[in-house]
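This is a predicted model, so every value here is computed, not measured. Every chain is numbered from 1 and lettered A, B, ... according to where its sequence line falls, protein lines coming before strand lines.
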There are 2 protein chains.
Amino acid sequence: MTTITTFDRSAGIAVWRQIMETLKAEIVSGAFEKDRRLPPESELAARFGVNRHTVRRAIAALTSEGILRADQGRGTFVASAPLSYPIGPRTRFSEIVSGQDRSPSGRLIGSEIEEADALLAHQLDVPLGTPLLRVATLRVADSVPMIVGTSWFEQARVPNFVADYAESGSITAALKKAGIDDYRRKETRITAELVEARDARQLGLALGQPVLVVESLNLDMAGRPIQYTRARLAADRMQLVVDGGGV
Amino acid sequence: MTTITTFDRSAGIAVWRQIMETLKAEIVSGAFEKDRRLPPESELAARFGVNRHTVRRAIAALTSEGILRADQGRGTFVASAPLSYPIGPRTRFSEIVSGQDRSPSGRLIGSEIEEADALLAHQLDVPLGTPLLRVATLRVADSVPMIVGTSWFEQARVPNFVADYAESGSITAALKKAGIDDYRRKETRITAELVEARDARQLGLALGQPVLVVESLNLDMAGRPIQYTRARLAADRMQLVVDGGGV
DNA sequence: ATCGATTTGTGCGTATGTATC
DNA sequence: TGATACATACGCACAAATCGA
């Protein structure tokens with residue numbers, strides 16, 4: 001591998017950060033899995049063709065994210081491996097996480113009434129300006145934040161949602177209390193973006209990190225949209241797994 | 001929406017680039033429909049709390065990517081919408097692209113023999129150091145590069161692959177010539193990374209942009225791995241669509 | 001046809017951050 | 001550690017194009 005990469009100094013991204021990303025991609029794809037040890041800083045500096053200070057700054061940033069661990073005198077080691085997230089019609093975060101020997105938790109981090117903008121009006125099939133309930137959740141595995149999710153519902157259809165959700169901790173249960181007994185997923189759209197400032201704080205990511213964005217729309221049994229969700233996944237800590245699908 | 005976002009000035013990412021990403025995310029998620037006007041620079045500058053020059057630089061970068069188009073005196077407009085890529089067992093890039101009124105093309109951008117490292121040996125279930133054929137392809141829609149793909153095969157099983165592929169332009173056809181009549185997808189793993197320097201050149205992306213990484217493994221009918229593929233998709237130009245799946 | 005308001009395009013001076021040597 | 005080169009961000013001013021009254 002040991003490719004010598006040159007860095008773009010006018011791309012709006014500091015060189016130390018470009019090095020940080022390169023290292024992170026290699027870590028996630030398992031390049032240092034043998035002994036989980038990184039090459040010494042001097043070697044990395046030579047490989048990237050930069051000053052050793054610059055490499056140190058990249059390593060410091062990865063350390064503060066918990067991805068690397070630097071031991072005095074011994075070297076720098078990979079600290080964490082990514083979580084697999086199978087994507088399907090009936091997946092539950094809690095089951096996925098437990099199945100991989102980690103302990104899940106989740107909590108409500110905010111809810112608010114807002115008016116439907118063009119995008120939400122279109123997705124939920126309501127007139128512009130319709131009052132919507134926005135619910136934000138944070139899901140955590142082994143006390144490491146994994147997913148920030150924002151869901152929108154037509155407010156009139158789920159009048160007591162927040163209390164019901166807080167009580168049960170389950171969206172399904174809260175919808176049931178609102179008379180929506182069953183629902184199904186229409187489709188899911190996946191893309192990648194750079195993390196926004198607020199999500200970066202919630203997920204404990206540095207700015208400029210990529211997130212997987214998963215947008216999904218749930219319909220009730222009559223085919224009417226009830227819930228539009230936009231989830232942001234810390235890409236360095238998760239992989240989506242689709243059975244059979246491919247590009 | 002009109003959220004006032006503050007930007008981190010010590011994250012190693014230029015503010016203009018953070019604004020560029022914010023705008024791009026809003027465009028991709030459909031906040032401004034196609035041929036729709038963006039708010040004026042002065043308004044965006046106020047919203048982001050920065051100088052107008054800084055907003056202009058973000059807009060300039062998006063313009064050079066073909067995402068925006070600015071007309072003096074009139075305003076700034078969205079120039080292109082992202083391509084939807086349904087992910088499933090039987091999807092072909094060419095059909096997807098044609099189905100969205102764009103014209104697809106693809107070409108071989110490199111092939112090489114290399115020895116299996118730990119990751120590839122595990123995926124293809126061969127001993128470490130086994131000679132592998134690595135094939136790199138670039139797929140393009142309307143002359144805009146979309147996907148860089150790298151596939152690995154056990155070299156001994158596909159002795160004349162490169163010539164066969166160059167002749168037919170189809171991996172399926174080239175595998176057939178090697179006696180592999182049919183194959184099926186085992187699973188697909190999706191994650192997001194920041195683009196590498198080489199892929200950035202191929203895809204015409206700026207460094208620091210996120211890419212969707214789709215890794216998939218094909219098995220022959222006996223269940224033996226034959227092809228491991230790692231595709232990098234320009235995230236600002238594509239969305240993966242999974243039917244029914246969700247998070 | 002003209003004017004004024006709006007919006008993008010351009011220039012310059014200054015201060016600060018980044019990376020090298 | 002300083003000195004140097006360059007990119008980044010700001011502030012202000014003004015030119016050029018567009019549009020509607």
### Task
Could you check V148(B) against R198(B) for side-chain contact (heavy atoms from CB on, under 4.5 Å), going step by step and ending with a plain yes or no?
CA-CA 10 Å; V148(B) 180; R198(B) 200 178 328 164; over 6 Å; no
### Query
Between N51(B) and dA9(D), does any side-chain N or O lie under 4.0 Å from OP1 or OP2?
no
### Message
Show, in sequence, the C-alpha distance, side-chain angles and deciding distance for I113(A) and L132(A), and conclude whether the side-chain contact (heavy atoms from CB on, under 4.5 Å) test is met.
### Response
CA-CA 6 Å; I113(A) 308 290; L132(A) 302 180; over 6 Å; no
### Between P of dT8(C) and CG of L68(B), the distance in whole Å
11 Å
### Message
Under 4.0 Å from OP1 or OP2 of dA9(D): is there any side-chain N or O of R52(B) that close?
### Response
no
### Side chains of W152(A) and E114(A), donor plus acceptor under 3.5 Å
yes
### Summary
Here the distance between atom C1' of dT6(C) and atom CG of L44(B), to the nearest Å, is 15 Å
### Heavy-atom donor-acceptor pair, H53(B) side-chain to dC12(D) base, under 3.5 Å
yes
### Query
Would you say the side-chain atoms of S216(A) and R230(A) include a donor-acceptor pair closer than 3.5 Å?
no
### Query
Base, sugar-phosphate, or nothing for T76(B), non-hydrogen atoms under 4.0 angstrom?
sugar-phosphate
### Task
Give the nucleotide from the list dC19(D), dA9(D), dA19(C) with an atom nearest to the side chain of A14(A).
dA19(C)
### Query
Does R56(B) put a side-chain nitrogen or oxygen below 4.0 Å from OP1 or OP2 of dG9(C)?
yes
### Task
Among the candidates dT18(C), dT7(C), dG9(C), find the nucleotide nearest to the side-chain atoms of R57(A).
dT18(C)
### Message
With a 4.0 Å cutoff (strictly under), does any side-chain N or O of T54(A) reach OP1 or OP2 of dT18(C)?
### Response
no
### Task
Using a cut-off of strictly less than 4.0 Å, decide whether W16(A) has a side-chain nitrogen or oxygen near OP1 or OP2 of dT18(C).
no
#### Entry: Spacing between R69(B) atom CZ and dT7(C) atom P, to the nearest angstrom
17 Å
